[in-house]
Number of protein chains: 2
Amino acid sequence: MSITSDLIRGHTETIILAQLYNHDSYGYEINKEIQQRTKGKYELKEATLYSAFRRLEKAGLIDSYWGDENTGARRRYYKITESGKSNYHRLIKEWNSAKEMIDSLIKVEGV
Amino acid sequence: MSITSDLIRGHTETIILAQLYNHDSYGYEINKEIQQRTKGKYELKEATLYSAFRRLEKAGLIDSYWGDENTGARRRYYKITESGKSNYHRLIKEWNSAKEMIDSLIKVEGV
DNA sequence: CCAATATACCTCGCCTGTCAAGGTATTATT
DNA sequence: AATAATACCTTGACAGGCGAGGTATATTGG
């Protein structure tokens, strides 16, 4: 297990929803953006990414459609739904309170 | 899955090490302290707690010994090792950088 | 006195998210 | 012609969390 994988676990869907919040995107691009945003410190593994897409689509938080590029490899674009947006906000709130809770639980006085 | 379970995943060991950092303790007490610290918002499930103890002991981060109470149910006390302490510090550092990374990845500009 | 509750430990087996490994297809570069 | 980059996908294993079940002792309310 890499350093951060278990700490990131559970955030994959939020990360994807965040990427899709402003504009539709596709798997390969989303992952590149994540790598850029973290300066290479983190990337989603493909299997993780695609299984997250399946879950999110099944849950109605994203929709997908094939791009109409007439050159290059085909792309499956994903679009966040209204439900996806409200879930995103919920996830952010959960993260903020979880963050506080974890901080309080792992802190040792005077260390 | 409860609200926080997947967000807490991966912090169980750090939480336990933090509890043991200042004084030896035992499973039941550790869990009570966690519930108090979080005002009942969180508790470790027993199966989670004990499997974490097994992992931590196997990894040499904690030692255990039976308490010598001559009344009440027997208690198995756990003690953090030197290796456990240094690992605790490493985990805290990892958490701090993971926290920053997650924050930057799930933020949407202007939302 | 005895039933219920609290204290305190433990294991088994399932579930879920991650990921290594493997695959396909197209286009650009060397 | 070979390699790399783009772009998609599935399968099966693994690990941590946890529901469900179990054991034993002490206390407390009715």
Q: Quick one, give me the B/S/- string for nucleotides 4-9 of chain D, reading 5' to 3', where B means a protein heavy atom under 4.0 Å from the base and S means that only happens at the primed atoms, P, OP1 or OP2.
A: --BBBB

Q: For the pair B/Glu94 and B/Arg90, find out whether any cationic side-chain nitrogen is under 4.0 Å from an anionic carboxylate oxygen.
A: yes

Would you say that [X] contacts [Y] through its side chain, given a criterion of any heavy-atom pair below 4.5 Å between the two side chains?
X	Y	value
A/Thr14	B/Ile102	no
A/Asp24	A/Tyr65	yes
B/His11	A/Leu7	yes

Atom-to-atom span, [atom1] of [X] to [atom2] of [N] - whole angstrom:
X	N	atom1	atom2	result
B/Arg9	D/dC14	CZ	P	15 Å
B/Arg55	C/dC10	CZ	C1'	16 Å
B/Glu69	C/dA8	CD	C1'	10 Å
B/Ile15	D/dG16	CD1	P	15 Å
B/Leu49	C/dT11	CG	C1'	14 Å
B/Leu7	C/dG17	CG	P	12 Å

Q: Could you list the residues that satisfy side-chain hydrogen bond (donor to acceptor under 3.5 Å, both in side chains) with A/Gln19, not counting sequence neighbours?
A: none

Q: Just jot down the side-chain hydrogen bond (donor to acceptor under 3.5 Å, both in side chains) partners of A/Arg75, sequence neighbours excluded, or say none.
A: A/Tyr26, A/Tyr77

Q) Between the two ends of the helix from C/dC1-D/dG30 to C/dT30-D/dA1, what is the bend in degrees, rounded to 10 degrees, where each end axis spans five pairs? A) 10°

Q) Picking from D/dA15, D/dC18, C/dT18, which would you name as closest to the side chain of B/Ser5? A)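 Nearest to the side-chain atoms of B/Ser5, counting from C-beta on, is D/dC18.
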
Q: Not counting sequence neighbours, which residues clear ring pair (Phe, Tyr, Trp, His ring centres under 6.0 Å) with A/Tyr28? List them please.
A: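 Here no residue qualifies.
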
Q) Quick one: is C/dC19 close enough that its OP1 or OP2 comes under 4.0 Å of any side-chain N or O from A/Thr48? A) yes

List the atom pairs, donor and acceptor, that lie under 3.5 Å between side-chain atoms in residues 104-111 of chain A and the rest of the protein, sequence neighbours left out.
unit_1, atom_1, unit_2, atom_2, d
A/Ser104, OG, A/Met101, O, 2.8

Q: Identify whether any heavy atom of B/Ser51 sits under 4.0 Å from a base atom; if not, whether one sits that close to sugar-phosphate; answer base, sugar-phosphate or nothing.
A: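 Result for B/Ser51 = nothing.
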
Q: Could you tell me how the ring of B/Tyr78 sits relative to the ring of B/Phe53: parallel (under 30°), tilted (30 to 60°) or perpendicular (over 60°)?
A: parallel

